[in-house]
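Here the structure is laid out as structure tokens; the discussion comes afterwards.
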Amino acid sequence: MRHKRFSKNSLLSTLTALHGIIPFMIHTITANPALDLTYRVPQIKFDDKIRAAQVIRAAGGNGINVSRVAARLGHETVAMGFLGGRSGEEIEDLLKAEGVRTWFTPHADTTRTNVIIQDDESQQIRVSGAGATVTQNEVEHLVSSIMELRTPDFLVISGGLLKGMPKDFYVAVTRYAVRDGIPVAADAAGDELKSAVKAGVYLIKPNHYELERLTGVEVKTHHDAVKAAKKVLQQGVEVVVCSIGAHGAVLVTETEAWKAVPPKVKVDSAVGAGDSLLAGVLVAKAREKSWDEVLRLGVACGTATAMSPGTDLCYLKDIETVLPQVELEPLSM
């Protein structure tokens, strides 16, 4: 198969479209967000005091990351979910500072804090805080608030649920959205992903391990991913985007299949790369790009995030550098 070339004019066209004035909107739901604290240290040592050279504070959570990247791409977005306590207030302030609109439901408990310790060799220790517990009234308030906003181009459901939330929460939200004609993108795992597929989501973004578990098809190559994705399409999903780490990603629809391979870059931290991939895909699709260009922007965003420190996400200057270096190739169906 021949690779698709990316011309300078195409690059300029894509980036110009990203900064258009059409009020597209992506809504994201993050039920279990976190305040991410990344401590950069020269070397990880145990049983000894280590002085951090830098501390990075960021709003974390899968859906929140999608909103943050969408905002960096010049796209209107609203982040929703639960927040509580001082950490919840800081998350909201951080998001507003990045140009992300917020529509969170408050809960009485305190939003968790995650700690990441990363040394100069990009080795990490990640400690995820325990999630909050919510009441039935708080869950009902979140559901009603999600439906109060105007219809978005996409609704993103992602990440885990809090204690007190019904296991079919994403199913219920998806059915509400589908009823109103809102396409839903799901980035979940295990039973939550299976339930989302059955509920009628438009797009899923599993990694190759999650796609294997969902379909029972071993995914070792790009062609394996196409084979597995076709099984998901038979269940009503319209688009499957499967990330395969440094090997890029595959996008499969009923009529097209593409693989995109990123250039080799110096990886600082892969945290948030998958969320960035999804954000790029949705922004490009909302801008009515072709499927190959949709995948190209997604992979460029994911790669640029892997180049960023700690839980930081991609920056436009890095996306612009990576974008023309992403190799596209059509795959046989």
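Numbers here are sequence positions counted from 1.
With values rounded to the nearest 0.5 angstrom, Glu218 atom CD is found 11.0 Å from Tyr209 atom OH. Between Met25 atom CE and Leu155 atom CG the span is 12.5 Å, to the nearest 0.5 Å. Here the CD atom belonging to Glu76 is positioned 10.5 Å from the CD1 atom belonging to Ile26, to the nearest 0.5 angstrom. Residue Leu162 holds its CG atom at 6.0 Å from NE2 of His107, rounded to the nearest 0.5 Å. In this structure, OG1 in Thr111 is found 5.0 Å from CD1 in Ile91, a value given to the nearest 0.5 Å. Here the OG-CD distance, from Ser67 to Glu98, works out to 10.5 Å after rounding to the nearest 0.5 Å.
In this structure, the side chain of Asp268 does not engage the main chain of Met307 through any donor-acceptor pair within 3.5 Å. Under the 3.5 Å distance criterion, the side-chain polar atoms of Glu90 are left unmatched by any main-chain donor or acceptor of Ser87. When atom types are taken as modelled, the side chain of Asp187 and the backbone of Ser158 share no donor-acceptor pair closer than 3.5 angstrom. Judged purely by atom type and a 3.5 angstrom limit, Thr77 has no side-chain atom pairing as donor or acceptor with the backbone of Ala71. The backbone N or O of Lys317 lies less than 3.5 Å from a partner atom in the side chain of Thr321, making a donor-acceptor pair. Proximity of a side-chain donor or acceptor of Asp180 to a complementary backbone N or O of Ile182 within less than 3.5 Å is not detected. With hydrogens and angles disregarded, no donor-acceptor distance shorter than 3.5 Å links the side chain of Arg112 to the backbone of Ser128. Side-chain atoms of His222 come within 3.5 Å of backbone N or O of His247 as a donor-acceptor pair. Looking only at distances, no side-chain donor or acceptor of Lys96 sits under 3.5 Å from a matching main-chain atom of Thr102. Of the possible polar contacts, none joining the Glu293 side chain to the Ser290 backbone as a donor-acceptor pair under 3.5 Å is found.
Partner Asp275 forms a side-chain hydrogen bond (donor to acceptor under 3.5 Å, both in side chains) with one of Asn62, Thr305, Thr30, Thr28 and no other, that one being Asn62. Checking Leu282, Val239, Leu277, Val66 one by one against Lys205, the side chain to side chain contact (heavy atoms under 4.5 Å, CB included) holds for a single residue, Leu277.
Contact of the Val241 side chain with the Leu278 side chain is not registered, since no non-hydrogen atoms from C-beta on lie closer than 4.5 Å. With a 4.5 Å cut-off on side-chain heavy atoms, Glu140 and Val143 do not count as touching. Taking the side chain as every heavy atom from C-beta outward, Trp103 and His27 never approach each other to under 4.5 Å. Under the 4.5 Å side-chain criterion, counting only non-hydrogen atoms from C-beta, Glu210 is in contact with Arg213. Two residues are said to be in side-chain contact when any heavy atoms from C-beta on lie closer than 4.5 Å; Leu251 and Val294 meet this criterion. You'll find the side chain of Leu297 reaches within 4.5 Å of the side chain of Ile319, heavy atoms only. Val283 is not listed as a side-chain neighbour of Arg72, based on a closest heavy-atom distance of 4.5 Å or more. By the 4.5 Å heavy-atom criterion applied to side chains, Asp120 and Gln43 are not counted as neighbours.
Around the CD atom of Gln136, the shell of radius 6.0 Å holds no more than 12 heavy atoms that belong to other residues, nucleotides or ligands.
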(message) Run Thr303 and Val326 through side chain to side chain contact (heavy atoms under 4.5 Å, CB included) and show every step you take.
(response) CA-CA 9 Å; Thr303 304; Val326 176; 5.6 Å; no
(message) Walk me through whether Ile50 and Asp119 qualify under side chain to side chain contact (heavy atoms under 4.5 Å, CB included).
(response) CA-CA 11 Å; Ile50 311 172; Asp119 66 14; over 6 Å; no
(message) Pair Leu95, Arg68 - check side chain to side chain contact (heavy atoms under 4.5 Å, CB included), show working.
(response) CA-CA 7 Å; Leu95 289 175; Arg68 291 175 64 199; 3.7 Å; yes
(request) Could you give me the CA-CA distance, side-chain angles and deciding distance for Val201 and Tyr170, then say whether side chain to side chain contact (heavy atoms under 4.5 Å, CB included) is met? (result) CA-CA 10 Å; Val201 295; Tyr170 284 146; over 6 Å; no
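Under 4.0 Å is where a charged nitrogen must lie from a carboxylate oxygen, and between Asp168 and Lys198 no such pair does.
Clustering ILVMFWY residues whenever any of their side-chain heavy atoms sit less than 4.5 angstrom apart, transitively, puts Leu94 in the very cluster that holds Tyr39. Cluster annotation: Phe104 is not connected to Leu142 through the hydrophobic network of ILVMFWY side chains, with a link wherever side-chain heavy atoms come within less than 4.5 Å. In the hydrophobic clustering of this structure, Val178 does not group with Ile146; members are Ile, Leu, Val, Met, Phe, Trp, Tyr whose side-chain heavy atoms approach within less than 4.5 Å, directly or through other members. Linking ILVMFWY side-chain heavy atoms closer than 4.5 Å, directly or via other members, places Ile116 and Val271 in two distinct hydrophobic clusters. Criterion: ILVMFWY side-chain heavy atoms under 4.5 Å apart, direct or through other members. Under it, Tyr315 and Ile64 are not part of a common hydrophobic cluster.
For the pair Cys301 and Cys314, the tightest heavy-atom approach, listed with the atom from each and the gap, is O-CB, 3.6 Å. The two residues Ser145 and Thr105 make their nearest non-hydrogen contact at OG-OG1, 3.4 Å. What you find for Val184 and Ala177 is that their closest heavy atoms are CG2-CB, 3.6 Å. Here the closest non-hydrogen pair linking Ala188 and Glu192 is CB-CB, 4.1 Å. Minimum interatomic distance between Leu295 and Lys259 (heavy atoms only, all atoms of both residues): CD2-C, 3.8 Å. Closest of all the heavy-atom pairs between Met333 and Glu254 is CE-O, 3.6 Å.
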